[in-house]
Amino acid sequence: MNIMSSSISNSDTIAAHYVDEHRDDEASKLGMWLFLFTELILFGGLFLVYSIYRMMNPEAFAAGSFHLNVSIGAINTVVLITSSATVALSISALQFKKKRLTINLLLVTILFAFIFMVNKYFEWGHKFELGLFPGGDAFNALEGGERLFYVLYYFMTGLHGLHVIIGAALIAWVAWEVKVGKQTHDNFAFLENAGLYWHLVDLIWIFLFPLMYLIN
Amino acid sequence: MSTENHSHHIVSFATQLKVWIALLLLTWVTVTVAYFNFGNMGIVVALGVALVKSTIVLTYFMHLKFDSKILTAFLVLVIVIFGVFIGLTFFDYALR
């Protein structure tokens with residue numbers, strides 16, 4: 001055994017076609033988690049701002065929240081939870097070597113993301129018609145605390161909505177990689193990481209929904 | 001480090017579906033509870049249910065139960081740091 005082969009691998013024979021992929025799934029996942037931590041702190045800071053202002057303006061926040069549509073919020077909660085489940089199922093499906101099922105589950109996830117954003121469009125659109133947006137007439141007529149509530153509502157659900165769009169784009173990319181065979185039953189780090197991102201989107205909504213829609 | 005020797009744990013379809021149903025039930029609980037007037041307890045119940053839901057998502061959907069424990073340790077660290085952040089800010093506002 002010469003010095004070269006011992007530095008490459010412990011195995012005695014290396015097939016001629018063997019190509020080192022430089023793959024480390026665990027490190028790749030750890031990297032994704034480190035990014036998710038920054039996301040948690042980003043939204044965490046916003047939740048902190050929300051808590052302080054709510055503590056200082058309890059009645060105004062309750063009044064602002066009263067005008068949000070609980071049904072749309074609840075439907076979107078169910079939509080996101082279900083889409084989280086379909087992503088989780090798609091990872092199991094790929095591990096079971098069910099490629100077609102994996103792709104279909106990912107496409108269903110994208111469909112749910114689309115439904116979420118359509119609901120959001122109608123929800124925001126209705127408020128815009130009423131002039132309830134920063135700078136709108138109805139908004140300007142509100143007292144300070146309630147305006148704070150709406151600013152936080154638009155900023156936090158808006159930033160969350162941006163994450164939904166990015167997450168859906170990532171999942172579309174992953175679905176394509178599954179289709180062309182770049183993600184396989186024993187090599188699916190990207191699918192897992194995109195899934196983690198999508199679950200984070202769900203996680204944030206789990207807190208946004210009761211804090212924004214259900215104060216009463 | 002070889003990735004072949006630590007085999008990936010596969011979460012069964014049945015487990016994923018049970019987790020999904022549990023999350024839906026907890027959502028129903030949050031919405032239902034919101035229509036009763038618990039006063040200041042309302043926020044406690046809402047946040048309590050949200051914490052349970054997020055723990056379930058982290059444990060099963062985000063796979064923390066089956067992955068290296070270093071990820072869970074890091075997450076706990078981040079939550080503690082955030083907790084300190086919240087604590088200090090509230091302390092500041094409470095004592096103004």
Side-chain angles (χ1 to χ4, degrees), chain A residues 9-10 21 23-27 29-30 33-34 36-38 40-41 44-45 47-49 51-52 54-56 70-71 73-74 77-78 81-82 84-89 91-93 95-96 185-189 192 195-196 198-200 202-204 206-211 213-216, chain B residues 1-4 6-13 15-17 19-24 26-28 30-31 33-35 37 40 42-43 45-47 49-54 56-58 60-64 67-68 70-72 74-75 77-79 81-83 85-86 89-90 92-94:
Chain A
S9 164
N10 293 328
E21 290 181 275
R23 221 183 103 191
D24 188 341
D25 293 353
E26 220 174 318
K29 196 179 240 183
L30 178 58
W33 271 102
L34 289 177
L36 295 188
F37 293 152
T38 70
L40 286 178
I41 292 295
F47 278 117
L48 185 53
V49 171
S51 323
I52 295 288
R54 179 170 162 179
M55 195 175 74
M56 294 165 77
V70 177
S71 315
T77 307
V78 172
I81 283 173
T82 309
S84 240
T86 52
V87 164
L89 286 168
I91 295 174
S92 301
Q95 284 173 298
F96 288 131
H185 74 98
D186 59 353
N187 183 8
F188 52 90
E192 267 192 310
L196 282 176
W198 192 253
H199 296 310
L200 177 94
D202 184 26
L203 212 56
I204 290 162
I206 284 174
F207 286 92
L208 273 179
F209 172 59
L211 288 179
Y213 293 78
L214 300 177
I215 318 177
N216 269 313
Chain B
M1 194 172 75
S2 141
T3 38
E4 280 77 26
H6 85 98
S7 62
H8 272 285
H9 177 272
I10 306 183
V11 187
S12 72
F13 288 149
T15 306
Q16 316 263 37
L17 290 175
V19 169
W20 175 61
I21 290 166
L23 290 171
L24 289 182
L26 286 169
T27 305
W28 176 78
T30 330
V31 176
V33 164
Y35 285 100
N37 196 1
N40 285 333
I43 180 75
V45 175
L47 282 181
V49 175
L51 281 175
V52 173
K53 280 168 84 180
S54 49
I56 293 174
V57 170
L58 286 160
Y60 292 97
F61 283 174
M62 296 178 92
H63 230 253
L64 282 181
D67 282 336
S68 158
I70 194 77
L71 296 178
T72 313
F74 275 140
L75 177 67
L77 183 67
V78 169
I79 293 170
I81 291 172
F82 182 54
F85 210 49
I86 295 175
T89 312
F90 268 90
D92 176 20
Y93 272 87

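Letters go in sequence order (proteins before strands), and every chain restarts at 1.
The greatest number of non-hydrogen atom pairs below 4.5 Å with chain B, out of A:Ile91, A:Asp186, A:Leu48, is found for A:Leu48. Between chain B and the options A:Phe37, A:Phe47, A:Phe188, the largest number of non-hydrogen pairs under 4.5 Å is found for A:Phe37. Counting heavy-atom pairs closer than 4.5 Å to chain B, the top-ranked of the candidates A:Gly195, A:Gly45, A:Gly73, A:Ala93 is A:Ala93. Of the listed residues (A:Thr82, A:Leu200, A:Leu30, A:Val78), the one with the most heavy-atom contacts under 4.5 Å to chain B is A:Thr82. Heavy-atom pairs under 4.5 Å with chain B were tallied for A:Pro210, A:Ser92, A:Ala74; the largest tally goes to A:Ser92. Taking B:Val49, B:Thr89, B:Thr30 one by one and counting their heavy-atom pairs under 4.5 Å with chain A, the maximum is reached by B:Thr89. The residue among A:Leu89, A:Thr77, A:Leu211, A:Leu196 with the most heavy atom pairs within less than 4.5 Å of chain B is A:Leu89. Between chain A and the options B:Leu51, B:Leu17, B:Leu26, B:Ile70, heavy-atom pairs under 4.5 Å are most frequent for B:Leu51.
Looking at B:Val19, neither its backbone nor its side chain comes within 4.5 Å of chain A, counting heavy atoms on both sides. For chain A, the nearby part of B:Leu64 is the side chain; its heavy atoms alone come within less than 4.5 Å. Within the 4.5 angstrom heavy-atom criterion, only side-chain atoms of A:Ile41, from C-beta onward, approach chain B. Proximity to chain A involves both the backbone and the side chain of B:Leu75, based on heavy atoms less than 4.5 angstrom apart. Residue contact with chain B, scored on non-hydrogen atoms closer than 4.5 Å, is absent for A:Val87. Contacts between A:Leu203 and chain B at a heavy-atom distance below 4.5 Å involve the side chain alone, from C-beta outward. Proximity to chain B (any heavy atom under 4.5 Å) is shown, for A:Ile206, by both the backbone and the side chain. With a 4.5 Å cut-off on non-hydrogen atoms, B:Phe85 touches chain A through its backbone and its side chain both.
No side-chain heavy atom of B:Phe74 sits less than 4.5 Å from a side-chain heavy atom of B:Val78.
Note that CG of B:Leu24 is 12.5 Å distant from CH2 of B:Trp28, once rounded to the nearest 0.5 Å.
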